[in-house]
Asker: 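There's a structure below that I have some questions on.
Start at 1 with the first residue, then count along the sequence. Quantities reported herein were computed from a predicted structural model and do not represent experimental measurements. Ligands are counted one by one from 1 in listed order, and the atoms in each one are counted from 1 as well.
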Amino acid sequence: MTVCEYRAGLEGIPATQSSISFVDGQRGLLEYRGISVEELAEKSTFLETSYLLIWGELPKKEELELFEYEICHHRRLKYRIRDMMKCFPEGGHPMDALQACAAALGLFYSRRALDDPAYIRAAVVRLLAKIPTMVAAFQLMRKGNDPIQPRDDLDYSANFLYMLTETEPDPFAAHVFDVCLTLHAEHTINASTFSALVTASTLTDPYAVVASAVGTLAGPLHGGANEEVITMLEDEIGTIENVRPYVEHCIEKKAKIMGFGHRVYKVKDPRATILQQLAEQLFEKYGEDQFYDIAVELERVVQEKLGHKGIYANVDFYSGLVYRKLGIPTDLFTPVFAISRTAGWLAHWKEQLGENRIFRPTQIYTGTHGNPYIPMEKR
Ligand code: ACO
């Protein structure tokens, strides 16, 4: 074996082979199983897209209906999980709550039959079905309320917004939310998916796989950036006049501007383009957001100052403004991302099982050798 060059963050180093999704960062292209994300956002639904990602092809009518039915009938949480959640501190971050709940599913459904397609199917259904219920339940419980039961007459996205806000959403709002889920469902081997793959490669259960991915997604350099974008727009910039000085200050201090830059995209993220359009449609229907103009100006100035480095708006830049308009609290933006990305993590889990080899990379040791043990009194 030849010794490879070390690259921080494994930039550009293939860690797996996959047929699930494809990104062309120079052209701003994203495909799921060869279909452009723009087309799926326009014509598909999140559950149909999830089926496509996990099983590799678009479902026939009856296959989709069965998948939707199964998910609908597994949305409820065991009362013990609800009781466990009641003990979580109200001030805790919902991503931490979600990670704990996803891991807890392994306690209740612990049979680990990774070579049994029925087990795989049940795990996929259970995780896609229950994660939204967990996110919504934590939101109500931290306000001191009991969680409300899912409604079988509502589809996946409408039901989530209903469980979260205790109000049946307008169909347009539910549609926009569903498109957001489709857009965030998969994105090749990013940090959380890599985390899922490493965990999956040990042949542990899928609940541990998703729990480890949720923990990874939570960081501000990954899924957590959408939350930070709103904080930046509201608290750190606040007015259009402050945009340029803010950008200049960040550049001078070498600070990252949240919602910009991407390891792969060197042009505007295609998902950011769709999310911006969705944001505009929402504002037209339900009223302006005072921070949208600031966001547009920020994008313009960042492009002017950092475009030459390939720094453009990423998926997290406009998603927060969309979620805000849908009544989703800021600290639930990343859990909402996790609801969606569960589809991608599960697709990679299933693919990894097909040709598994445990991840065990090497390292370049930079320490010293043969050091003596120094007794306590001589240190
Ligand atoms: N603001 C200002 N400058 C930036 C930004 C940014 N958001 N992103 C990258 N740069 C600059 C860096 O300062 C660096 O400049 P230099 O070469 O002069 O030192 C250069 O671009 C390369 O940056 P890296 O940090 O090396 O790029 P990397 O590929 O490691 O990081 C990342 C990508 C983490 C997304 C980075 O762009 C970032 O931190 N962005 C802000 C956080 C964010 O929005 N994360 C969400 C990403 S999408 C997702 O995970 C779902």
Side-chain angles (χ1 to χ4, degrees), residues 6-15 21 23-26 28-30 32 37 95 180-197 213-233 236-237 243-276 295 297-323 330 332-345 348:
Y6 162 65
R7 298 238 196 118
L10 298 182
E11 180 171 2
I13 295 176
S21 63
V23 177
D24 181 333
Q26 300 297 336
L29 180 76
L30 169 61
Y32 298 167
V37 77
M95 278 300 268
C180 291
L181 294 184
T182 301
L183 292 176
H184 287 83
E186 161 62 9
H187 206 251
T188 73
I189 184 130
N190 51 80
S192 59
T193 303
F194 187 43
S195 179
L197 277 189
V214 170
T216 309
L217 186 69
L221 296 188
H222 192 11
N226 54 14
E227 204 178 311
E228 310 259 340
V229 167
I230 296 296
T231 310
M232 169 183 73
L233 292 174
E236 292 166 33
I237 301 181
V243 167
R244 187 169 288 274
Y246 178 81
V247 172
E248 285 167 354
H249 178 77
C250 288
I251 292 172
E252 195 193 315
K253 297 277 170 210
K254 291 193 170 301
K256 296 280 171 63
I257 303 163
M258 289 293 134
F260 290 91
H262 199 279
R263 175 63 61 80
V264 185
Y265 292 117
K266 298 305 162 206
V267 294
K268 184 168 176 174
D269 185 326
R271 301 166 298 174
T273 305
I274 304 174
L275 284 161
Q276 184 174 11
E297 175 64 3
L298 180 61
E299 186 183 0
R300 200 184 63 75
V301 176
V302 170
Q303 198 166 315
E304 176 195 312
K305 300 267 181 197
L306 294 170
H308 66 281
K309 280 192 185 179
I311 310 294
Y312 289 89
N314 63 44
V315 67
D316 285 325
F317 190 58
Y318 287 107
S319 62
L321 290 170
V322 172
Y323 294 152
T330 307
L332 289 192
F333 294 174
T334 319
V336 162
F337 192 158
I339 291 174
S340 163
R341 188 52 62 83
T342 297
W345 294 331
H348 284 273

Asker: With under 30° as parallel and over 60° as perpendicular, where do the rings of Y323 and H184 fit, or are they tilted in between?
Answerer: tilted
Asker: Counting only N and O atoms by type, is there a donor-acceptor contact under 3.5 Å from the side chain of E186 to the main-chain atoms of T188?
Answerer: yes
Asker: Keeping S340 on the side-chain end and L181 on the backbone end, is there a donor-acceptor pair under 3.5 Å?
Answerer: yes
Asker: I need the contact residues for ligand 1: any residue with a non-hydrogen atom closer than 4.0 Å to the ligand, ordered by chain then number.
Answerer: L221, H222, A225, A255, K256, I257, M258, G259, F260, G261, H262, R263, L306, K309, I311, N314, V315, D316, F337
Asker: What residues form a side chain to side chain donor-acceptor pair (under 3.5 Å) with H187, not counting sequence neighbours?
Answerer: Y265, R271
Asker: Output all residues satisfying side chain to side chain donor-acceptor pair (under 3.5 Å) with Y312, sequence neighbours left out; order by chain, then residue number.
Answerer: none
Asker: Report, one line per pair, each donor and acceptor closer than 3.5 Å where one atom sits in a side chain of residues 218-226; sequence neighbours left out.
Answerer:
from	atom 1	to	atom 2	distance (Å)
H222	NE2	N190	OD1	3.4
H222	NE2	S192	N	3.1
H222	NE2	S192	OG	3.0
N226	OD1	T334	OG1	3.2

